[in-house]
Chemist: 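Here it is: the structure, laid out below.
The chains referred to below are lettered A, B, ... by the order of the sequence lines, with proteins before strands, and numbering in each begins at 1. Note that the coordinates shown come from a computational prediction; the quantities given were computed from them, not determined experimentally.
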Amino acid sequence: MTLATRQPAAKAADLLSWYDRHRRALPWRALPGESPDPYRVWASEIMLQQTTITAVKPYFERFMARFPTVGALAAAPSEEVMQAWAGLGYYSRARNLHACAKAVVEQHGGRFPDTEEGLRTLPGIGAYTAGAVAAIAFDRPAAAVDGNVERVMTRLFAIEAVLPGAKPLIREHVLTLLPAARPGDFAQALMDLGATICTPRNPACGICPWRDPCVARLEGTQETYPRKTAKKAGFTRYGAAFVLMREDGAILVRTRPAKGLLGGMAEVPTSDWRPDYELDGAAQDAPVVARWRRLDVPVRHVFTHFPLELTVLVARAGEKAQAPQGMRFTSQGRLREEPFPSLMLKVVEAGLEALRPPPSPP
DNA sequence: CATCCGTGGGG
DNA sequence: TCCCCAAGGAT
């Protein structure tokens, strides 16, 4: 390589001075000079796992108003925690969040461990979150390698290795760049850079603090990083969902098993969801015998690993109708207190719309 | 290491 | 419409 094309080494100082000018103001982020609240930092990191800032913000605000401290969260009933999380997705996060709060209170005197190793032992805290909380909340020299950092590093060093196998290598690069001072700001700066400059498509290389040392930029191959293995799409599954309204307006619901898909969340009764589900026999899967009416427009929903198409069937039940074993009638007034995932909100809305009596002529 | 686990928004 | 993906973790 000639002297003219040799690139300067990337420096943490350049990133930090960029961060001092362009850092994003976020509800869970301490202002310059303020000390961060580990509880808020931790909760935000859990919420932000695989979830956009836009989606998290309103949940975070409500969550902090409802559970202001780890102690408050630990003491809350699990249904209340799941309800506060409903709609955010990846519900095992909420279960682990609650379990983690209890562990912090019962095993750590209500204070979060201030090291990566200590944090790593808690439920829901993996390699990334342990590093992020250690760095951001306690200013420890830890690497927090998330999707943003993977993108920035693979571009900066033109790392050809495929993810997730390249993670250890990426981590080494981060540790090499990690400054002795302000490791917490460095972690946040790296993520801000990935989120606002070094974006997946159309990265703003011209205004990047690391434009000069970036190998991929020199080669013009920024958008080809990071290298990843393609993941295969799942087959569409089909099923029937049953919206049963009692005469007083209450709806029949139940709680899903604690583990697995939508674990611990509320739902209306449904059939199994299968690629080969036969709609003609749907009434056989109904929770009660009734005059089930099938709606023409199915509810479509896309999970991470498969698309789902649920056909909604509606029926009415008498005032004295009893809920089958393991199910309950919830009044319409309290329906919003049920921890319905987004899929079930769609189903219930479709069902209620169909059950609404036609407007009487003037 | 591969798979499972939600959701809503953007190109 | 379709595809990608966004501050990952558990198994």
Chemist: Does OP1 or OP2 of B:dC4 have a side-chain N or O of A:His305 closer than 4.0 Å?
Modeler: no
Chemist: At a heavy-atom distance below 4.0 Å, what parts of residues 34-70 of chain A sit against DNA chain B?
Modeler: A:Gln50, A:Thr51
Chemist: Fit a plane to each ring of A:His301 and A:Phe303, take the angle between them on a 0 to 90° scale, and name the class: parallel (under 30°), tilted (30 to 60°) or perpendicular (over 60°).
Modeler: perpendicular
Chemist: Only one of A:Glu267, A:Glu79, A:Arg328 passes side chain to side chain donor-acceptor pair (under 3.5 Å) with A:Thr255; say which it is.
Modeler: A:Arg328
Chemist: With the side chain of A:Phe303 defined as its heavy atoms from C-beta on, choose the nearest nucleotide among C:dC5, B:dT7, C:dG8.
Modeler: B:dT7
Chemist: With under 30° as parallel and over 60° as perpendicular, where do the rings of A:Phe186 and A:Trp210 fit, or are they tilted in between?
Modeler: tilted
Chemist: Students often get this wrong, so: under 4.0 angstrom with heavy atoms, is A:Gly87 touching a base, only sugar-phosphate, or nothing?
Modeler: sugar-phosphate
Chemist: Which side-chain N or O atoms in residues 112-119 of chain A pair as donor and acceptor under 3.5 Å with protein atoms at least two apart or in another chain?
Modeler:
from     : atom 1 : to       : atom 2 : distance (Å)
A:Asp114 : OD2    : A:Arg140 : NH2    : 3.0
A:Thr115 : OG1    : A:Gly118 : N      : 3.1

Chemist: Please check the phosphate of C:dA10 (OP1 and OP2 only) for any side-chain N or O of A:Tyr90 closer than 4.0 Å.
Modeler: no
Chemist: Work out which heavy atom in A:Met327 is nearest to a heavy atom in A:Arg254; give both atom names and the distance.
Modeler: CE-NH1, 3.7 Å
Chemist: Of A:Pro341 and A:Thr229, whose nearest nucleotide on DNA chain B comes first from the 5' end?
Modeler: A:Thr229
Chemist: Check the phosphate of B:dG6 against A:His301, side-chain N and O only, distance under 4.0 Å to OP1 or OP2. Yes or no?
Modeler: no
Chemist: Considering every strand and a 4.0 Å limit on heavy-atom distances, what is the contact class for A:Leu88: base, sugar-phosphate, or nothing?
Modeler: base
Chemist: Minimum heavy-atom separation for A:Met245 and A:Leu355, please, with both atom names.
Modeler: CB-CD1, 3.7 Å
Chemist: Ignoring hydrogens and angles, are the base of C:dA7 and the side chain of A:Arg24 linked by a donor-acceptor pair under 3.5 Å?
Modeler: yes
Chemist: Quantified in whole Å, what is the C1' atom distance between nucleotide B:dC1 and nucleotide C:dG8?
Modeler: 16 Å
Chemist: Mind calculating the distance between OH (A:Tyr91) and P (C:dA10) to the nearest angstrom?
Modeler: 19 Å
Chemist: Please tell me which of A:Thr129 and A:Arg201 maps to the more 5' nucleotide of DNA chain C, matching each residue to the nucleotide holding its nearest heavy atom.
Modeler: A:Arg201
Chemist: Touch check for A:Ala127, heavy atoms < 4.0 angstrom, all strands: base, sugar-phosphate only, or nothing?
Modeler: sugar-phosphate
Chemist: Could you tell me how far apart A:Arg120 (CZ) and C:dG8 (C1') are, to the nearest whole angstrom?
Modeler: 11 Å
Chemist: Take atom NZ of A:Lys259 and atom C1' of B:dT3, then tell me their distance rounded to the nearest Å.
Modeler: 16 Å
Chemist: Out of C:dA6, B:dT7, C:dA10, which nucleotide sits closest to the side chain of A:Asn96?
Modeler: C:dA10
Chemist: Has A:Ser342 got a side-chain N or O lying under 4.0 Å from the OP1 or OP2 atom of B:dG8?
Modeler: yes
Chemist: What contact category does A:Leu26 fall into here, base, sugar-phosphate, or nothing, at under 4.0 angstrom with non-hydrogen atoms?
Modeler: base
Chemist: Can you tell me if the side-chain N/O atoms of A:Arg95 get under 4.0 Å from OP1 or OP2 in C:dG9?
Modeler: no
Chemist: Please pick, from C:dC5, C:dG8, B:dC5, the nucleotide with the shortest atom-to-atom distance to any side-chain atom of A:Thr304.
Modeler: B:dC5
